[in-house]
Peer 1: 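Next up is a structure, given as structure tokens.
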There are 2 protein chains.
Amino acid sequence: MPRFYQSVTTDIVIFTIEESILKVLLIKRAKEPFKDQWALPGGFLTENEEPEKAAIRILKDKAGVSNIYMEQLYTFPGSGRDPRGNVITIAYFALVPRSRIEIQETAKAQTPIFRSVKKLPDIAFDHNRIITYALKRLQSKLEYTNAVYSLLPKYFTFNQLQNAYEIILSRKLDKRNFRKKFFQLGLIKLTKKIHRGERQRPAKLYQFKLHRPAELKKFF
Amino acid sequence: MPRFYQSVTTDIVIFTIEESILKVLLIKRAKEPFKDQWALPGGFLTENEEPEKAAIRILKDKAGVSNIYMEQLYTFPGSGRDPRGNVITIAYFALVPRSRIEIQETAKAQTPIFRSVKKLPDIAFDHNRIITYALKRLQSKLEYTNAVYSLLPKYFTFNQLQNAYEIILSRKLDKRNFRKKFFQLGLIKLTKKIHRGERQRPAKLYQFKLHRPAELKKFF
DNA sequence: CCAAAAGTGTTGACTGTACACCCATGT
DNA sequence: ACATGGGTGTACAGTCAACACTTTTGG
């Protein structure tokens, strides 16, 4: 059987919540094709590099974060991606609390920004399709995993938690039912800390028991 | 950024039900590495071939089927797959009713056989891992899609349907509850055909309304 | 008439959903 | 004192799970 070689890239959909909006990290492409257009951070696999390693490397290089929720999304065919021939891309998605992101100096030339997933600019390649796919996956992951832990700071209020769900699912949830259900899941625990300083009743702060992916039985 | 090239393969986990056992198609490797060991059908992408096209091609070449339920499973890294260097593999899984499979002449040298997923022989590469992953995916797909349609013949009895679920999920289901729930889903319709010839009460035959993938709200 | 699988409803437990008011603070 | 988000319980509806007997055929 003949052996062929392909170009393989990874692209990462990095989600965060900022100002109550779900946003995705985009960078401006420095090179052709699609020079100066917005695109997902990504790049070619280096020689013998494992795809997941490449995704972790890119996450570190562009957003300065590591050790966050990340999973493989799908491998997209290259149709039309690149004039020079087919390129397949292994897409990942990652969740980061806004506070942990430090845009790296090396990446600043590419003017990385977070854009609302609801108001995306024109985007290079088929990255729009990838983002749509990632959003669907994220929504369904909320329903049967503890993935949110990776969008929230270490200590958070129940309302922050609920807001994350509402923002991602784009719908209101009942406060009492949400608290009841989520607390029964046993994923989080009450801490002794209290969030003060706003001009209203202080809020109790919670934290996740686990800071790594876990599956649940059921959910929302 | 430098551009590297990778070898990319596809492997397909082809499931079928035969004699009330869930089985996977394996072939004997004709070449090194892992010559004469059992492996999933698969192969290198040809030049500029889209991964899904390659999977369809292999399905046709080895098992003689087309137009069945198939979806991308995951892209596995090549660690240790091939002594000559890293190879990544894009894995797919497919569901075929046993009756539709015609092992192709061209493939017979590789002595393809269906083996029970519960009693697999020694398998080349990391294909065991891929099969395990595929099985998990299949089980969860049963719960929120109509995927079974692709394991059953055109006309089938309610018991065949239930057996398919029981075999894949490895647990007994309550007959009355299963019928009630499944019928409410509205995926199948009663036909006027009747299955006779066994020495017991004849069974009504049903068929799926759709013979393509569909998502449901909920399930089992 | 016997063996074997086909077919059919009801009940109690549980889960999900809808809904409104008081509380603690900062200004 | 008041505005703001924090925090709490109950009742009804819908869904899930357990369970046993009659029917229809072929041999």
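Every chain is numbered from 1, with letters handed out A, B, ... down the list of sequences.
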Peer 1: What is the separation between atom CD1 on A:I194 and atom P on D:dG5, rounded to the nearest whole Å?
Peer 2: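 In whole Å, D:dG5 P and A:I194 CD1 are 19 Å from each other.
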
Peer 1: Step through it carefully: locate the ring centre of A:F93, locate the ring centre of A:Y133, and say whether they are under 6.0 Å apart.
Peer 2: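 No, the ring centres sit 6.0 Å or more apart.
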
Peer 1: Base, sugar-phosphate, or nothing: which does A:K180 touch, judged by heavy atoms less than 4.0 Å apart?
Peer 2: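 Counting heavy atoms under 4.0 Å across all strands, the contact made by A:K180 includes a base.
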
Peer 1: Among C:dT17, D:dG7, C:dG7, find the nucleotide with the atom closest to the side chain of B:K204.
Peer 2: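 Output: C:dG7.
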
Peer 1: Looking only at heavy atoms, what is the nearest atom pair of A:I130 and A:L40, with distance?
Peer 2: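 So the two residues come closest at CG2-CD1, 3.9 Å.
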
Peer 1: What integer distance in Å separates A:F183:CZ from D:dG7:C1'?
Peer 2: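 After rounding, the gap between these two atoms is 13 Å.
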
Peer 1: What nucleotide among C:dG9, C:dC19, D:dG7 has an atom nearest to a side-chain atom of A:D174?
Peer 2: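 It is C:dC19.
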
Peer 1: Ring centroid separation for B:Y206 and B:Y155, is it under 6.0 angstrom?
Peer 2: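 No.
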
Peer 1: Take the protein atom CZ of A:F178 and the nucleotide atom C1' of C:dG16, then report the distance between them rounded to whole Å.
Peer 2: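 After rounding, the gap between these two atoms is 15 Å.
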
Peer 1: Please state whether the base of D:dG7 and the side chain of A:K175 form at least one donor-acceptor pair under 3.5 Å?
Peer 2: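 Looking at the base of D:dG7, it does pair with a donor or acceptor on the side chain of A:K175 (distance under 3.5 Å).
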
Peer 1: Near A:N128 CG, under 6.0 Å, is it more than 12 heavy atoms from other residues, nucleotides or ligands?
Peer 2: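 Yes.
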
Peer 1: Measure from CD on A:Q184 to P on D:dG9 and round the result to the nearest Å.
Peer 2: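 Those two atoms, CD and P, are 13 Å apart.
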
Peer 1: Using atom names, set out every protein N or O paired with an N or O of nucleotides 23-26 of chain C below 3.5 Å, distance rounded to 0.1 Å.
Peer 2:
{"residue": "C:dC23", "atom": "O4'", "partner": "A:R201", "partner atom": "NH1", "Å": "3.4"}
{"residue": "C:dC23", "atom": "O2", "partner": "A:R201", "partner atom": "NH1", "Å": "3.3"}
{"residue": "C:dA24", "atom": "N3", "partner": "A:R201", "partner atom": "N", "Å": "3.3"}

Peer 1: Expressed as a whole number of angstroms, how long is the span from B:K172:NZ to D:dA17:P?
Peer 2: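 The distance from NZ of B:K172 to P of D:dA17 comes to 17 Å, rounded to the nearest Å.
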
Peer 1: Salt bridge or not for B:R137 and B:E71, using N-O below 4.0 Å?
Peer 2: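 Between B:E71 and B:R137 there is a salt bridge, with a charged N closer than 4.0 Å to a carboxylate O.
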
Peer 1: Quickly work out the A:F182 CZ to C:dT15 P distance and round it to whole Å.
Peer 2: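 After rounding, the gap between these two atoms is 18 Å.
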
Peer 1: Between B:L25 and B:I103, which heavy-atom pair has the shortest distance, and what is it?
Peer 2: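 Of all heavy-atom pairs spanning B:L25 and B:I103, the closest is CD1-CD1, 4.4 Å.
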
Peer 1: Which heavy-atom pair separates A:G186 from A:K209 by the least distance, and what is that distance?
Peer 2: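 Between these two residues, the closest heavy atoms are O-NZ, 3.0 Å.
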
Peer 1: Of the nucleotides C:dA18, D:dA17, D:dT8, which one has an atom closest to the side chain of A:R179?
Peer 2: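 The listed nucleotide nearest to A:R179's side chain is D:dT8.
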
Peer 1: Taking CZ from B:R176 and C1' from D:dC16, how many angstroms apart are they, rounded to a whole number?
Peer 2: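 From B:R176 CZ to D:dC16 C1': 14 Å.
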
Peer 1: Rounded to the nearest Å, what distance is computed from the CG atom of residue A:N177 to the P atom of nucleotide D:dT8?
Peer 2: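 Value for this atom pair: 14 Å.
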
